[in-house]
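To start, the structure under review is shown below, and the notes come after it.
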Number of protein chains: 2
Amino acid sequence: MSWIDIPDGSPFGPDNLPLGVFQRGDEEPRIGAAIGDQIIDLTPIASAQHLESAQQFAQPTLNGFLALGRPVWSATRAWLLDLVNDRDAVEPHLIPQSEVTMLLPFEVGDYVDFYASEQHATNLGRLFRPDSEPLLPNWKHLPVGYHGRAGTVVASGTDIVRPSGQRKAPDANAPTYGPSTRLDIEVELGYVVGTPSTLGKPVSVDDFREHVYGVVLVNDWSARDIQGWEYVPLGPFLGKSFATSISPWVVSLDALEASTVPLPTQDPPVLPYLAGTKLVNYDITFEVRINGHLVSIPPYRDIYWSPAQMLAHMTVNGASVRTGDLYASGTVSGTEPNQLGSLIELTKAGREPITVDGKDYTFLQDGDEVSITAYAGTLHLGEVTGRIIPG
Amino acid sequence: MSWIDIPDGSPFGPDNLPLGVFQRGDEEPRIGAAIGDQIIDLTPIASAQHLESAQQFAQPTLNGFLALGRPVWSATRAWLLDLVNDRDAVEPHLIPQSEVTMLLPFEVGDYVDFYASEQHATNLGRLFRPDSEPLLPNWKHLPVGYHGRAGTVVASGTDIVRPSGQRKAPDANAPTYGPSTRLDIEVELGYVVGTPSTLGKPVSVDDFREHVYGVVLVNDWSARDIQGWEYVPLGPFLGKSFATSISPWVVSLDALEASTVPLPTQDPPVLPYLAGTKLVNYDITFEVRINGHLVSIPPYRDIYWSPAQMLAHMTVNGASVRTGDLYASGTVSGTEPNQLGSLIELTKAGREPITVDGKDYTFLQDGDEVSITAYAGTLHLGEVTGRIIPG
């Protein structure tokens, strides 16, 4: 690999090769693989080599490729790992990432958001329901989740318009309307479904890798004041639906394989449909920056529910998954004060400001730029960013 | 109109002309308009007449047509109303509905389910939270809603596989897994979005007709035992996501125009973004049959929230809508015992069986067929059906 110049600090080494959709100037959007700070333009290479999946690279979304399924995903990865050693084939088709715009990598089918971090669910329970047990009785029996808005999942870098809506202070008589004053982030890992399932047929907890292609980083922007007023009894809606940002590069489960760790002990034991032989977590660490200042380093490895259990649970009632479905872990929070994945947790609902750039800080201000990056050992998962603009 | 034979009891008169997607034998699926028990095959007629939107009829979904927007919708309706008088043009292209399969009429973007019937929300509140006020504090300030699963919205007539999942009896120590024993219906009206909106820009309550093309009947199948255990704190998920059936014929708002009625008085007054000059309801009556036996006649006219308010609320935070988005009213229940839109209400959570075909009846049994029809004066909205099959 000595022939490709991978700058120090560049996220994508030759063992990762994540896929994304790029657009250069007026050219048609198409699929590339990231290496260092460049992109391998796969379409002409695959076409010249008469690769069977070649036409799927000349597409504006990954959906066609994702639908090809595990055998093609694995074959493509093997091909890519070989390809990067072939200077003659690759060099003419390297494009600097700085010359392109990265688009939303796939058309999102359904978007489901789980709530799989015990620490986060406990912290939020304390803040939203101070008078009762923070963890509700169902939490350790099933991965709690809900449907989010698929149509407002946006590409990293998309400006986030501060949402307006209804909120009511606990001591107020009536709600008021206005821009959210408690705008927050949620640091999550998102799983990207490739192979669809059949309506009426649950997906086994052991078939996770047959259906899921890879992962993206997710920032599930949240308006806590809107959420707090609206969310009973049917769950979060407008407090979340204004935007969910995802990273442009989809990292394959194959690339993440070296970073698997066992799931934490689940007690009480789960029902048989959630018990499996291949339940894993990933040893991923996030870094959250606001305006360039590191504010948190949430660890994914301690998350309570495996993504395989999330998929099995999501389909146990016969609900089908489609190519392009996205399901996210829910906010990732660790046990340490600098490991919390949302500002509502980091600032104890705004009561205990953190320090950002030497100043007291609670919720997001107009103009703030949030960046979430993540790594699993030497494997980097890229970045998801977004800047808040006034409503 | 004397030339077309419209049998007695046939739902679709010449003032309705709803659009749907049909497939005859191996032919390509395409768009037709219903009249009596026949279908007007629009593709060859529009093509022969060089209609601008002709190519949109030769499609397997209504999405392309829906995206054309209000001016084209209205022009198409005017054209259709004229066309049915033109025997020479139409007669060669009439197809008996008995010869075709009706498909899902549009590809669903996001599916949102509201909770807009005061009577239903009150009844459910009493059943799910017997120890507190049935109507929560936010209910009269905003149309409560949540996202459902778009990928499991199915065409009328699709068999419904009884879902399995976790449920826990109130006095049990732990949940168990098994087929739902409290399988239910929800009688709803669904609104079909045609014209998309822009991310970050709320849709005004007065722009309802610019974005919404028409309505379908919705049966939002529900597993009450699964729902009761899972739904706190993030709302319904697997208790709903296994299937939502919609009627095949999309009835236009234009056709419904004659059935508009004023909205019931809203007290307390709503915030300005929910107040408008064109807030209407529709005077629609549903009929619910189980195995052919009439069990309920829910009235839509008393629903608390206007569909214009639902749309304005859904987008007040800047969330965008897309062509093919579906948002439903939530279960429609009236004040009379024979006007309830779900079995959990009709049977007081199973404690007071109703009589169906001379027998005690609580929740859906395998083999049962549910049919929901509706009419607004002489205008019929078609039918949504589904049969329960074992898991």
>> Heavy-atom pairs under 4.5 Å with chain B: which of A:His313, A:Lys168, A:Glu230 has the most?
In response: A:His313

> Looking at A:Val321, A:Leu136, A:Val161, which has the largest count of heavy-atom pairs under 4.5 Å with chain B?
Replying inline: A:Leu136

> Do B:Arg149 and A:Asp325 pass the side-chain contact (heavy atoms from CB on, under 4.5 Å) test, and can you show the C-alpha distance, the side-chain angles, and the key distance before you say yes or no?
Replying inline: CA-CA 11 Å; B:Arg149 191 164 186 82; A:Asp325 278 3; 2.9 Å; yes

> Among A:Gly125, A:Gly145, A:Gly239, A:Ala121, which residue forms the greatest number of heavy-atom pairs with chain B at distances under 4.5 Å?
Replying inline: A:Gly145

> side-chain contact (heavy atoms from CB on, under 4.5 Å) between B:Val112 and A:Phe237: does it pass, once the steps are laid out?
Replying inline: CA-CA 9 Å; B:Val112 166; A:Phe237 184 37; 3.6 Å; yes

>> Please classify the contact between A:Thr176 and chain B as side chain, backbone, both or neither, with a heavy-atom cut-off of under 4.5 Å.
In response: backbone

> Which atoms form the tightest heavy-atom contact between A:Met314 and B:Leu238, and what is the distance?
Replying inline: O-CD2, 3.3 Å

> Which pair of non-hydrogen atoms, one from A:Pro233 and one from B:Tyr115, has the smallest distance, and what is that distance?
Replying inline: CG-CE2, 4.2 Å

> chain A heavy atoms under 4.5 Å from B:Pro137: which part of the residue, side chain, backbone, both or neither?
Replying inline: both

>> To check you understand the geometry: which heavy-atom pair defines the closest contact between A:Pro175 and B:Leu271, and what is its length?
In response: O-CD2, 4.1 Å

> Atom CD in B:Gln166, atom CG in A:Leu274: separation rounded to 0.5 Å?
Replying inline: 6.0 Å

> Tell me, side chain or backbone of A:Asp159 under 4.5 Å from chain B's heavy atoms, or both, or neither?
Replying inline: neither

> What's the verdict on side-chain contact (heavy atoms from CB on, under 4.5 Å) for A:Tyr111 and B:His147, showing C-alpha distance, side-chain angles and the deciding distance?
Replying inline: CA-CA 10 Å; A:Tyr111 166 45; B:His147 286 96; over 6 Å; no

> Got a second to check how far B:Thr152's OG1 is from A:Asp110's CG, nearest 0.5 Å?
Replying inline: 7.0 Å

> At what distance, to the nearest 0.5 angstrom, does OH of B:Tyr177 lie from CG of A:Leu142?
Replying inline: 13.5 Å

> If you take all heavy atoms of B:Ser241 and A:Ala319, which pair is closest and at what distance?
Replying inline: O-CB, 3.6 Å

>> Looking only at heavy atoms and a cut-off of under 4.5 Å, which of A:Gly200, A:Pro202, A:Ala223, A:Ser164 has the most pairs with chain B?
In response: A:Ser164

> Looking only at heavy atoms, what is the nearest atom pair of B:Gly151 and A:Ser320, with distance?
Replying inline: O-OG, 4.0 Å

> For A:Tyr273, is it the side chain, the backbone, both or neither that has a heavy atom under 4.5 Å from a heavy atom of chain B?
Replying inline: side chain

> Under 6.0 Å between the ring centres of B:Tyr146 and A:Tyr146?
Replying inline: no

> Would you call the rings of A:His141 and B:Trp229 parallel, tilted or perpendicular, where under 30° means parallel and over 60° means perpendicular?
Replying inline: tilted

>> Could you report the tightest heavy-atom contact between B:Asn317 and A:Pro163, atom names first, then the distance?
In response: O-CB, 3.4 Å

> Using a cut-off of under 4.5 Å for heavy-atom pairs, which of B:Gly148, B:Gly318, B:Gly165 has the most such pairs with chain A?
Replying inline: B:Gly148

>> Need one label for A:Arg129: side chain, backbone, both or neither, based on atoms under 4.5 Å from any heavy atom in chain B.
In response: side chain

> So what's closer than 4.5 Å to chain A heavy atoms on B:Asn138: side chain, backbone, both or neither?
Replying inline: both

